[in-house]
Amino acid sequence: MSEFDFEKPVAEMEKAIEKLKNINSDNKTDFNAQLADLEAKLIERKKEIYDNLTPWQTVQVARHQKRPVLFDYIKYIFTDFIELHGDRHFGDDHAMVGGFAKLGNEKVMLIGHSKGKNIEENIKRNFGQAKPEGYRKALRLMRLAEKFNVPVITFVDTQGAFPGLDAEERGQHEAIARNLTEMAKIKVPIITVVTGEGGSGGALGIAVADSVMMLSYAVYSVISPEGCAGILWRDASFSSNAAEALKITAKSLLELGVIDEIIHEPVGGAQTDPQQTAENIKEVVLKQLKKLSAYSATKLLNKRFEKFSAMGKFNR
Amino acid sequence: MPWFIKTKTEREAQKEISDDIWEKCNKCKAHVFKQDYINNLNVCPKCGSHGKITAYERIGMTLDSGTFKELNETISPADPLGFIDGKGPYTAKVDQARKKTGLNEAVVTGTGKINEIAVVIAVMDFRFLGGSLGSATGEKILLASNYACEHKLPYIIFSASGGARMHEGILSLMQMAKTCAGIARLDEKQLPFISVLTDPTTGGVSASYAMVGDVNIAEPGALVGFAGRRVIEQTIKQKLPDSFQTSEFVLEHGFLDMVVHRKDLKNTLSGILSYYNR
């Protein structure tokens with residue numbers, strides 16, 4: 001069933017289809033052709049809507065409550081997951097999860113932001129907003145991956161790094177800065193998939209990767225549209241304008257050279273078919289892994305340096 | 001209203017005259033003689049509060065006289081997103097900042113000597129769009145670290161920035177990774193990197209190069225933090241103390257090596273670098 005305002009045009013069609021289906025079950029004649037026709041039209045109309053989502057509408061899809069989270073993807077495409085805990089300094093951050101896992105036949109280190117799907121899970125996982133110990137755990141696991149010579153795969157889905165008193169006291173800035181610096185030196189391939197919200201430094205803290213991919217309705221931004229509207233428009237109700245101006249969709253980021261590839265997700269968003277979305281991710285990540293594992297460590301690091309050196313547009 | 005149409009009230013005219021002679025301290029609100037304030041390196045002689053200074057003033061008080069050679073001074077902002085906000089286009093803001101400051105970007109980079117020790121230096125200027133980190137800023141900071149790598153020189157960055165430049169969207173976020181990749185190379189070559197955090201150093205700048213110095217130094221009373229105070233207060237639903245996110249707070253929590261008065265910075269920097277034994 002439709003859940004977004006922008007799906008209203010198809011909501012009526014969906015209702016009509018439901019009605020037809022109910023009649024059909026009582027009286028099994030005549031309706032099949034009509035039903036098939038309507039269903040085809042529905043799919044077409046829905047595709048049209050999703051092909052033309054505004055950036056602000058995309059934000060809503062990316063934040064959908066039922067959108068698959070890290071543990072869904074672990075369930076669908078990873079096997080033999082061995083979760084590893086703790087940053088060895090302060091604690092274990094449940095908003096950042098990591099461990100060894102297998103993707104197909106490939107052994108990898110999987111690290112990602114972990115949102116919950118209900119209020120209890122979200123309280124435990126701080127709504128996927130990691131604290132310094134989360135970023136430090138991530139770095140510890142990347143170094144472990146380097147030692148074990150397995151590639152790192154990170155899944156990004158966070159509103160941002162947690163803006164709290166404790167996070168400041170424990171050096172949220174230093175934790176992220178350290179990751180950005182150290183990730184430039186990790187001598188195994190790093191692959192990032194932005195699956196939902198790529199919230200600023202909190203996202204980048206695990207996303208300095210050789211290949212960065214995004215799901216088609218994910219967003220990745222330097223600041224939330226609400227935050228940007230509050231500062232530059234002095235009014236959060238301009239979030240839609242800010243979302244447009246900031247260029248935060250997968251398509252824009254591909255054009256800007258910030259991501260390498262868009263991973264297709266089903267019309268209606270990943271939550272309508274999490275299994276298929278996960279399979280799509282698996283296919284693309286395995287392809288990237290194959291490409292990257294052909295490089296020597298030196299070549300890998302040089303290419304990573306060149307990739308990030310080339311980011312940005314300016315006048316000479 | 002443009003300044004040339006505006007008729008000055010008597011009060012404004014008086015204020016202008018007094019601005020030439022007096023400087024009002026932002027912290028203690030004391031009025032001090034402007035010349036005393038300047039002679040004291042823009043530090044309030046009454047309360048010791050460190051006021052903002054321009055990039056060239058900083059270079060003047062840090063490097064040995066006549067040793068500064070600027071690098072990449074022509075690099076300037078483009079408008080990669082065609083960004084327009086509630087107050088107009090980004091390009092207009094850039095033009096205004098360039099006119100106001102005479103700078104092409106929020107950072108000035110170059111080489112020079114500190115008490116005869118050769119260094120590469122990058123100095124941010126808060127007057128230029130709040131010292132925000134955009135594509136051109138990031139490029140200059142990276143090119144300076146590349147220069148340091150190539151010539152085997154220590155690198156010093158003076159930060160003064162509210163964070164990433166929103167008007168360049170995701171590309172400004174990427175400057176955090178870009179500049180840190182440069183710092184990583186210095187590290188691999190065992191070259192010293194000293195970060196000096198001045199008021200303010202927050203957001204995307206504190207969460208990138210500013211926090212990963214081999215030695216992190218801040219000026220007294222500088223605002224140093226990751227998230228904005230208002231955002232944190234809204235998140236935790238409590239008021240934060242005045243001392244929150246000051247240099248002294250960050251020192252106490254272990255993320256700075258020292259807090260140093262502006263007048264002592266030059267000798268502190270050369271003192272640290274004098275121990276570099278490669």
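What's counted below: heavy atoms across the whole structure, side chains too, no hydrogens, waters or symmetry copies. Each chain gets a letter, A, B and so on, in the order its sequence line appears, and its residues count up from 1.
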* Sort by residue number and list every member of residues 162-174 of chain B having a non-hydrogen atom under 4.5 Å from chain A. => B/A164, B/M166, B/H167, B/E168, B/G169, B/I170, B/L171, B/S172, B/L173, B/M174
* Just do the side chain to side chain contact (heavy atoms under 4.5 Å, CB included) check on A/F314 and B/K140 with the steps written out, would you? => CA-CA 10 Å; A/F314 49 86; B/K140 288 181 79 171; over 6 Å; no
* Asked: So which part of A/L256 gets closer than 4.5 Å to some heavy atom of chain B, the side chain, the backbone, both or neither?
  -> both
* Salt-bridge test for A/K313 and B/D79: reply yes if a basic N is under 4.0 Å from a carboxylate O, no otherwise. => no
* Flag, side chain of B/Q175 to backbone of A/M311, donor-acceptor distance under 3.5 Å -> yes
* A/E168 (side chain) donor-acceptor with B/F226 (main chain) under 3.5 angstrom -> yes
* Asked: Taking C-beta and beyond as the side chain, do B/H253 and A/R170 meet within less than 4.5 Å on heavy atoms?
  -> no
* Carefully, step by step, assess B/T235 and A/F162 under the rule side chain to side chain contact (heavy atoms under 4.5 Å, CB included). => CA-CA 9 Å; B/T235 307; A/F162 186 63; 3.6 Å; yes
* Select one option (side chain, backbone, both, neither) describing which atoms of A/I248 are under 4.5 Å from chain B's heavy atoms. => neither
* Structure fact -> Note: vs chain A, highest number of non-hydrogen pairs under 4.5 angstrom among B/I75, B/T74, B/N216 is B/I75
* Asked: Under 3.5 Å, is there a donor-acceptor pair between the side chain of B/D85 and the main chain of A/W233?
  -> no
* Looking at side-chain heavy atoms only, is the closest gap between A/F308 and B/T179 below 4.5 Å? -> no
* Does the B/K178 side chain pair with the main chain of A/S309, one donor and one acceptor, at a distance under 3.5 Å? -> yes
* Let me know if A/S200 has heavy atoms under 4.5 Å from chain B in its side chain, its backbone, both or neither. => both
* To do: Please look at A/Y220 and chain B and tell me whether the side chain, the backbone, both or neither of the residue comes under 4.5 angstrom of a heavy atom of that chain.
  => both
